[in-house]
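Report on the following structure.
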Number of protein chains: 2
Amino acid sequence: MDALTVRALAPRLDVGAPALYWHVRNKQELLDEMSTFVMRRVTDALSKVPPGASWRDDVAAYARVLRSEYLLYRDGARIFSGTRIADPDVVKAKEPWLARLTAAGFTLAAADDALDLVTAFVVGFVIEEQERNRSTETGPDRYSLAERDAWLGDGAELVKAAGHLRDDGDPRFERQLTALLDGLA
Amino acid sequence: MDALTVRALAPRLDVGAPALYWHVRNKQELLDEMSTFVMRRVTDALSKVPPGASWRDDVAAYARVLRSEYLLYRDGARIFSGTRIADPDVVKAKEPWLARLTAAGFTLAAADDALDLVTAFVVGFVIEEQERNRSTETGPDRYSLAERDAWLGDGAELVKAAGHLRDDGDPRFERQLTALLDGLA
DNA sequence: ACCTGAACACCGTTCAAGT
DNA sequence: ACCTGAACACCGTTCAAGT
């Protein structure tokens, strides 16, 4: 993100840096446009998900698509989640999901809570996930179990043991998603 | 965050900007120290929570403390969550929580999943919460319901209606936390 | 051990001027 | 309508020099 300077970007478009200011008021507006572009992609992908057999399938599909879209961009969840949305269509993309949940018996308030809860979970999960990926690139630190145990020092036996049991990626996501869906049920 | 420059910080410490480089290698190290300082506060607060009557009470207390600590700092959840942790004690702070959950009948893997799921939820929830707060400060945009409805335009009736039902802050957090705890149960 | 003054490379942004 | 060149204020960082 620090490397994204207006002076580095301009040559990629075969122009000088000041040329960008004809198209955009300032750098912040450029970043905002980036955000809405990504969020539009997210909601486009979400709106193309066909209704499933049950609300559980629908909400699970929602969560998986949201996660996979964030994963497309480096630090996507941290950078693009919870940013001010400039496009009404992005907010309106919630409509079919509220419709499916209310049709399945949720009150409107409960449906709204459910989608928000799932969204919060996915955002938090992927932030952590992408940070871990970024760290392993940077240097093979304490993500090897032995090094991690040594780094932790004495005590905290459960933390160490949990580290050895831990599996990352899809299965972990699916397990936690299942627990969350159980709660919504 | 943009306003936190090394040249603006130094006068607050009654020194010139270069003086900071005697104490810290570069600005990134300063930001990392900030992160670990905040995370240490978070884990200190968590370790002072007395065991409750049930694992539900314990996990709920965990979630509430985590949220309230993030809320202490502007954009705290977005900035400080999922950062590389430099202090083993911060990671070790998980130990008593794993102990309480396993004592309550969770397997170690399930306890680890449970804490991670709750953490992800809190992070996602507070990111959204703090962004909303920041937006209302900036300008009374479309956070009045009438303006929001107008901004949304035609269609999306459920989204509009949900906006009118919506209550922010503690009750919303508690409801979603309850659903999550039900899922863990 | 801790800090300053001066300097360097780089950044976002402006603006007159070009086509 | 779209872009350039030159310039400005500011930033992170270095380093010789001070106490």
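Heavy-atom basis, side chains included; hydrogens, waters and symmetry copies ignored. Order of the sequence lines fixes the chain letters, A, B, ..., with proteins taken first and strands second; residue numbering starts at 1 for each chain. As the structure is a prediction and not an experimental result, all values here were calculated from the model.
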CA sep, side-chain torsions, deciding dist, call: Asp167(B), Arg175(B), salt bridge (charged side-chain N to carboxylate O under 4.0 Å, His left out): CA-CA 11 Å; Asp167(B) 60 327; Arg175(B) 280 201 313 277; 3.0 Å; yes

hydrophobic_cluster_shared for Trp22(A) and Val6(A), side chain cutoff 4.5 Å: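 No.
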
ILVMFWY network linking Met1(A) to Leu71(A), side-chain heavy atoms under 4.5 angstrom: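 Met1(A) clusters together with Leu71(A).
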
Donor-acceptor side-chain pairing of Asp32(A) and Gln28(A) below 3.5 angstrom: yes

Spacing between [X] atom [atom1] and [N] atom [atom2], to the nearest angstrom:
X	N	atom1	atom2	answer
Met1(B)	dC11(D)	CE	P	15 Å
Leu9(A)	dT13(C)	CG	C1'	15 Å
Tyr21(B)	dC11(D)	OH	P	12 Å
Leu4(A)	dC11(C)	CG	P	11 Å
Arg7(A)	dC11(C)	CZ	C1'	6 Å
Asp2(B)	dT13(C)	CG	C1'	15 Å
Leu20(A)	dC3(D)	CG	P	9 Å

Paired stretches of DNA chain C - 3 or more consecutive Watson-Crick or G-U pairs, each distance under 3.5 Å: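 Stem segments, range with range: C:4-8 with D:12-16, C:12-16 with D:4-8.
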
Residues within residues 22-34 of chain A bordering DNA chain D, heavy-atom distance below 4.0 Å: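 The answer is Trp22(A), His23(A).
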
Ring centers of Phe121(B), Phe173(B) separated by less than 6.0 Å: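 Distance test on ring centres: under 6.0 Å, yes.
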
Tyr73(A) OH to Gln130(A) CD distance, which is reported to the nearest 0.5 Å: 11.5 Å

Distance in Å, Asp57(B) CG paired with Arg64(B) CZ, rounded so as to fall on 0.5 Å steps: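 Rounded to the nearest 0.5 Å, the CG-CZ separation comes to 8.0 Å.
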
Closest nucleotide among dT4(C), dC3(D), dG5(D) to the Ala19(A) side chain: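 Nearest listed nucleotide: dC3(D).
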
Closest-nucleotide 5' rank along DNA chain D - winner of Thr5(B) and Val15(A):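 Checking each residue's closest nucleotide, the 5'-ward one belongs to Val15(A).
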
Basic-acidic side-chain contact under 4.0 Å: Asp113(B), Arg166(A):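 So Asp113(B) does not pair with Arg166(A) through a salt bridge.
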
Flag if over 12 foreign heavy atoms under 6.0 Å of CZ, Arg41(A): no

